[in-house]
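Both counts, for ligands and for their atoms, begin at 1 and track the order of listing.
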Amino acid sequence: MYIVQIASECAPVIKAGGLGDVVYGLSRELEAQGHCVEVVLPKYDCMRYDHIWGLHSAYDDLLVPWFGGKVHCSVYCGWVHGQLCFFIEPHSQDRYFDRGCYYGCNDDNLRFAFFSRAAMEFLQQSNKRPDVIHCHDWQTGLVPVLLYEIYKYHGMENQRVCYTIHNFKHQGTAGTEVLTATNLNRPEYYFDSDKLRDNFNPFAINLMKGGIVYANYVNTVSPHHAWEARHTDISYGLGSTLDRYQDKFGGILNGLDYTFWNPECDRYIPQPYSKDTFEQKRYNTKALRERLLLRNETKPIVCYIGRLDDQKGVHLVHHAMYYSLHRGAQFILLGSATEAKINDWFHHEKNFLNNNPDCHIELGFNEELSHLIYAGSDLIIVPSNYEPCGLTQVISLKYGTVPIVRGVGGLVNTVFDRDYDQNHPLETRNGYVFYETDTNALESALGRAFDLWGSDRSKFEKLAIQGMEYDYSWHDPAKNYTAVYDHIRHR
Ligand SMILES: Nc1ncnc2c1ncn2[C@@H]1O[C@H](COP(=O)(O)OP(=O)(O)O[C@H]2O[C@H](CO)[C@@H](O)[C@H](O)[C@H]2O)[C@@H](O)[C@H]1O
């Protein structure tokens, strides 16, 4: 099969979070299973050019219809760790992708509406006719709309779209200017509640809703979150739309790229190890302590890696830090906040705990350091308010770092409580789970982990090794996606 992914991220060249990991990992596995995959991305000024091989101009005359005129674009192509990617660079005064950031601009709606239109125009003009176009999140929600309202009539009548939602919170609500800009026009048509009209605001269109209505198949990134999206308020107003399209909606659990996330061959950690050489992990713990100037004592290291925002349960992250120190453990936090209030809060904590030899707070995005933290820590906390899938717990399992998670979304599908899980025998349980959002709930789960660590180290290590035995690679999820692609191709 020939698959084109259209996305706003692809790790490691463009990565703001888990979306980038998924686009890269899924593409590589689909290729390994014999399919042809290409990825179309914006050419941001701030992406990691050092991760692209052989970047060269591939198509120089792309004219993209925009606000009644045309924007001239160049398309570059290169290999990101073996994956063929195309990067679209517009030449216009708007400088949509020369902003020194991926997201967070006032005109993000227009930036990614432009990207969606440019990506479709690129496929059409360069005669690319994939069997399936796979697009992701609100940024590319317009892709199936453009396909079925415009490009279908210009030689793309056989293409089909799979649309994956990684986070329902950000939906891309916009005014009529997006319709005018993309030449979809006809607000009276698109502002219908069966089309793009936002379910809350009748004066706005919703790009994610457009993706759901027009795509041939829609999924979120775990079975449990697919259930939550339809039956709780976690889909931020899109529940009724998902209900309406329930026949084409499902949940496919993310995989993890084990060529990149693997303690046996991780280039960013000083000492490789596997479940059979688990004792070698402690050399990475030592290196981690040295790098972050933590005192070298026999204490468990608890870590948190991820965005610092409401989704991730920041108040519990904060509490876990002090509770761990109180219980005689060490704590490492690697995270970044986009919200000023949360950013200030953690900067304050960083200053306050600066001289504490048992705690390190690293604010910012640091891919290399994250690998060493996964490898060197004993425990990781993931106390999310909601979590469509979650990759940090899956990465930590592979690195023999025991996860303590809140039982929501994909965390439910991947972590099984050592003491209470009823569906898995003791020898296949892999972490600790709590359900409520209060600090007592977190303490009860983290406390049980500390108790086991303190009372019986060999049982604790056995639990960590049981986690390493899980296979959360892309092998099975990619098969699930190809089954979906096959299904929509033959409709
Ligand atoms: N400061 C930092 N420095 C270095 N690395 C950092 C970092 N902060 C985060 N990361 C890395 O970014 C990734 C984050 O993965 P998550 O699953 O938490 O994704 P996120 O919530 O962004 O994405 C959404 O999409 C993904 C993919 O579908 C879903 O798993 C998830 O539930 C959903 O919210 C991990 O690889 C992590 O190591």
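Every salt bridge (Lys or Arg N to Asp or Glu O under 4.0 Å) that Glu31 has, sequence neighbours left out, goes to Arg28.
Annotation: side chain of Leu19 is in contact with side chain of Asp137 (closest heavy-atom distance under 4.5 Å).
Partner of Tyr96 under the ring-ring contact (aromatic ring centres under 6.0 Å, His included) criterion, out of Phe114, Phe112, Tyr44, Tyr103: Phe114 alone.
Applying the ring pair (Phe, Tyr, Trp, His ring centres under 6.0 Å) rule to pairs touching residues 392-417 yields Phe416-His424, Phe416-Tyr470, sequence neighbours excluded. Sorted by first and then second residue, the side-chain hydrogen bond (donor to acceptor under 3.5 Å, both in side chains) pairs involving residues 429-446 (not counting sequence neighbours) are His319-Glu443.
For ligand 1, the protein residues placed under 4.0 Å by at least one non-hydrogen atom are Lys15, Gly17, Gly18, Leu19, Asp21, Val22, His166, Val221, Asn254, Trp261, Ile305, Gly306, Arg307, Gln311, Lys312, Leu334, Gly335, Gly364, Phe365, Asn366, Glu367, Ser370, Tyr374, Glu387, Pro388, Cys389, Gly390, Leu391, Thr392, Ile395.
Checked against the 6.0 Å centroid criterion, the rings of His136 and Tyr163 do not qualify as a close aromatic pair.
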